[in-house]
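Quick notes on the structure that follows.
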Amino acid sequence: MQDAITAVINSSDVQGKYLDSSALEKLKGYFQTGELRVRAATAISANAATIVKEAVAKALLYSDITRPGGNMYTTRRYAACIRDLDYYLRYSTYAMLAGDPSILDERVLNGLKETYNSLGVPVSATVQAIQAMKEVTASLVGADAGKEMGVYFDYICSGLS
Ligand SMILES: CCC1=C(C)/C(=C/C2=NC(=C\c3[nH]c(/C=C4\NC(=O)[C@H](C)[C@H]4CC)c(C)c3CCC(=O)O)/C(CCC(=O)O)=C2C)NC1=O
């Protein structure tokens, strides 16, 4: 797992240089948004179950997916879907705190598309649910932090597609 600081340092180290002005600007941006990130993570963790529930209501309920034959039909599969959304929310929050998406590659996306395809989990409905979580989260944490979280929700969506 990498974060905004190690990413910048590693890339300077590879070139055997001190941090140049663009690297320092990146670090400055990260430090300046530190409090915003921590505040957003606090609000998200206190409201995680509600965020997931509202996203499910927005994107998935009363569609064919929750009816017999749909991938969320049966409580076992419904619960697996809710659990997956909670993973996406939690890991996006970690990535937002780190300011770097590498944790998503390592712990979430690795092999996920193949697993979904082999189980018949619909990717497009999953992407819609993640987009709904993005909206619900932004309305909770505000536009600036919402935009930052959106980077990582979108990262998961493009990794799945
Ligand atoms: C932390 C990293 C991590 C991730 C991301 C993860 C995902 C994940 N989701 C799974 C299943 C599943 N995922 C879903 C999800 C959905 N079905 C829908 O129709 C909806 C659109 C969608 C929710 C948005 C469902 C229903 C299953 C069960 C499928 C089945 O067994 O038939 C499985 C197969 C094993 C299992 O059932 O637990 C994995 C590995 N596991 C992990 O350890």
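Counting starts at 1 for both ligands and their atoms, following the listed order.
Protein heavy atom nearest atom 2 (C) of ligand 1, with residue, atom name and distance: Arg107 O, 3.3 Å. At the shortest separation from atom 10 (C) of ligand 1 among protein heavy atoms lies Arg83 NH2, 3.3 Å. Counting protein heavy atoms only, atom 31 (O) of ligand 1 is closest to Arg76 NH1, 3.1 Å. Ranking protein heavy atoms by distance to atom 41 (N) of ligand 1, first place goes to Tyr87 CE1, 3.6 Å. Among all non-hydrogen protein atoms, the one lying nearest atom 20 (C) of ligand 1 is Cys81 SG, 3.2 Å.
Counting only heavy atoms, the protein never gets under 4.0 Å from atom 35 (C) of ligand 1.
At least one N or O atom of Asn71 sits closer than 3.5 Å to an N or O atom of ligand 1. At least one N or O atom of Asp84 sits closer than 3.5 Å to an N or O atom of ligand 1. Below 3.5 Å of separation, one finds no N or O of Tyr88 facing any N or O of ligand 1.
Salt bridge annotation for Arg39-Glu35: present, with a cationic side-chain nitrogen under 4.0 angstrom from a carboxylate oxygen. Classification of Asp64 and Arg67 as a salt-bridged pair holds, one side-chain N sitting under 4.0 Å from a carboxylate O.
Separating the OH atom in Tyr78 from the CZ atom in Arg83 is a distance of 14.5 Å, to the nearest 0.5 Å.
Residues Tyr73 and Arg77 have side chains that never bring a donor and an acceptor to within less than 3.5 angstrom of each other. Of the N and O atoms on the side chains of Asp3 and Tyr30, not one donor lies less than 3.5 Å from an acceptor on the other residue.
When all heavy atoms of Leu160 and Tyr116 are compared, the closest pair comes out as CD2-CD2, 4.0 Å.
Ligand 1 is never approached by Tyr78 to a heavy-atom distance shorter than 4.0 Å. Contact annotation: Gln128 has no heavy atom less than 4.0 Å from any atom of ligand 1.
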Hey, mind stepping through Phe153 and Met133 against side-chain contact (heavy atoms from CB on, under 4.5 Å) and telling me if it holds? CA-CA 8 Å; Phe153 285 134; Met133 273 207 302; 4.0 Å; yes
